[in-house]
Amino acid sequence: MNDAVPEAAKAEQVRVAVYAHFARTGLAPSPAGLADRTGLPVAEVRAALEALHEHRDVVLDAADRDLILMAHPFASVPLGFSVMGARTLWWGGCAWDSFAVPHLLGEERDVLVATRCPACDAPHAWVVTRDGPPDGGQVAHFLTPVHRIWDDVVHACANQRLFCSTDCVHAWLGATGQTRGYLMDLGTLWRLARDWYAGRMEPGYTRRDPTSAAAYFAGVGLHGRFWGLDD
Ligand SMILES: [Zn+2]
Ligand SMILES: [Zn+2]
C-alpha cells in the first residue's frame, strides 16, 4: 500500500517521527525505531532520511548514515549545551537551539540551560521559559554569518556560544585567531529562538525562504549583512 504514498509524504511522516522521538526522549531515533513508528519499511525510512538531509530538515553523520546528528533545535551530540526538563535531558545544540527547545515543548513549564564560557570555562545556567528572556549579563557570540551556516552546519552550531562578557568573547577570538562574528544579549537571543522553529513538530512544516528569514531576523532586533540584512 505504501507504493501509493508519494516520496515527499513518506519523508514528512519520518520527519515528524524524528521530532517526536527527540522531544520525548532527548535521543535520536534509529531507522528501525522510525520504521516501527511510521509503518514504513526500514529501506524507505533510510531513503526518507537521506531526502530530509538533502533538504536540511535533519543532519546525518557523514560516515554513519543511520545516525541523526541534528534535527534543529535537537541534537544527538554535545555542542556545548545541556537542556534539562522535568524528566528529560536534551543536548541543546547551540545557544540559539538551546533557547529554542522550551518553545517546542508545551508540556515543560521551563528548562534549565547550562554551558561553560568558551574563553574562561566559567559555568553558566539559566532557567528558560516561554514567558520572557532570563536575567543575566552574559552575551551570545555567533561566529558564522547566516548565509554560510550550511557550509558546515555542525561547525556553525558548535560556534554559537554564550560567554561571560564581551571581554571573554574578545579573549576567545584572540586565542583562537578567529574574526569577530555577531554579539547579542540574552534578550535578543531569546527572541531569536522563540518562534524560529515554530511548527516544526507538526506535519506540513515548510522551512522559511531567505526573504521571510531575513524579515524574522529584523523583527527580533538583529542587524546587518551577518543576518542577510542591509547595513
Ligand atoms: Zn568567561
Ligand atoms: Zn544550532
Side-chain angles (χ1 to χ4, degrees), residues 1-83 85 88-94 96-98 100-101 103-107 144-160 193 195-213 216 228:
M1 297 310 119
N2 281 326
D3 292 344
V5 181
E7 297 305 317
K10 289 178 194 169
E12 182 60 3
Q13 242 183 304
V14 170
R15 191 193 68 77
V16 171
V18 168
Y19 272 85
H21 190 90
F22 262 118
R24 197 173 65 250
T25 68
L27 304 169
S30 65
L34 291 167
D36 280 349
R37 180 99 179 183
T38 58
L40 296 169
V42 175
E44 291 191 10
V45 168
R46 288 201 170 99
L49 287 173
E50 290 292 345
L52 292 168
H53 177 89
E54 191 66 28
H55 289 107
R56 302 176 174 175
D57 285 310
V58 303
V59 179
L60 303 181
D61 183 69
D64 178 1
R65 305 304 280 177
D66 284 353
L67 176 59
I68 303 168
L69 296 180
M70 298 187 202
H72 288 85
F74 301 112
S76 67
V77 288
L79 292 164
F81 291 84
S82 63
V83 177
T88 313
L89 188 60
W90 294 270
W91 286 124
C94 61
W96 183 353
D97 296 330
S98 295
V101 165
H103 299 285
L104 293 188
L105 303 170
E107 64 282 9
T144 309
V146 74
H147 71 282
R148 302 295 304 275
I149 284 177
W150 285 91
D151 293 358
D152 183 346
V153 69
V154 176
H155 178 266
C157 268
N159 287 282
Q160 294 174 347
D195 290 326
W196 178 249
Y197 295 114
R200 245 178 227 214
M201 301 293 296
E202 287 87 46
Y205 176 79
T206 48
R207 294 169 56 81
R208 284 185 176 81
D209 60 39
T211 307
S212 62
Y216 178 89

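- Between P73 and V101, some side-chain heavy-atom pair lies under the 4.5 Å cut-off.
- Between Y216 and W196, the ring-plane angle classifies as tilted under the 30° and 60° cut-offs.
- For the residue pair L79 and A158, the shortest heavy atom distance occurs at CD2-CB, 3.9 Å.
- Within a 6.0 Å sphere centred on CZ of R208, other residues, nucleotides and ligands contribute more than 12 heavy atoms.
- Judged by distance alone, with hydrogens and angles left aside, the side-chain atoms of R15 form a donor-acceptor pair with the main-chain N or O of E202 at under 3.5 Å.
- Of all heavy-atom pairs spanning C157 and D97, the tightest one is SG-OD2, 3.5 Å.
- For E54, the CD atom counts as loosely surrounded, since its 6.0 Å shell holds 12 or fewer non-hydrogen atoms of other residues, nucleotides or ligands.
- Put simply, the side chain of T88 never gets that close to the backbone of G26: no donor and acceptor are under 3.5 Å apart.
- Between the side chain of H55 and the backbone N or O of A51, at least one donor-acceptor pair lies under 3.5 Å.
- For the atom pair CH2 (W91) and OG (S82), the distance works out to 7.0 Å, reported to the nearest 0.5 Å.
- For H155, the side chain to side chain contact (heavy atoms under 4.5 Å, CB included) partners at least two apart in sequence or on another chain are L143, T144, D152, N159.
- Rounded to the nearest 0.5 Å, atoms CD (Q160) and CZ (F81) are 9.0 Å apart.
- Aromatic ring orientation, W96 versus Y197: tilted (interplanar angle from 30° to 60°).
- Atom CG in D36 sits 8.0 Å away from atom OG in S30 (nearest 0.5 Å).
- How far CZ of F74 is from CG of L69: 15.5 Å, rounded to the nearest 0.5 Å.
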Check step by step if side chain to side chain contact (heavy atoms under 4.5 Å, CB included) holds for Y19 and V16. CA-CA 5 Å; Y19 272 85; V16 171; 5.9 Å; no
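- Exactly one residue among L34, V18, L40 makes a side-chain contact (heavy atoms from CB on, under 4.5 Å) with Q13. That residue is L40.
- The shortest distance between side-chain heavy atoms of V154 and M70 falls below 4.5 Å.
- The distance from the CG atom of L105 to the CZ atom of R24 is 12.5 Å, given to the nearest 0.5 Å.
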For V83 and S98, run side chain to side chain contact (heavy atoms under 4.5 Å, CB included): C-alpha distance rounded to whole Å, both residues' side-chain angles, the deciding distance at 0.1 Å, then the answer. CA-CA 6 Å; V83 177; S98 295; 3.9 Å; yes
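- Within the 4.5 Å cutoff, the side chain of I68 has no heavy atoms near those of the S76 side chain.
- Residues passing the side chain to side chain donor-acceptor pair (under 3.5 Å) test with D66, sequence neighbours excluded: R46.
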Would you check, one step at a time, whether the test side chain to side chain contact (heavy atoms under 4.5 Å, CB included) holds for E44 with T38? CA-CA 10 Å; E44 291 191 10; T38 58; over 6 Å; no
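- Side-chain atoms of H21 and R37, non-hydrogen and from C-beta on, never get closer than 4.5 Å to each other.
- Between H72 and V153 there is a side-chain heavy-atom pair separated by less than 4.5 Å.
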Could you please spell out the steps behind the side chain to side chain contact (heavy atoms under 4.5 Å, CB included) verdict for H103 and D195? CA-CA 7 Å; H103 299 285; D195 290 326; 5.9 Å; no
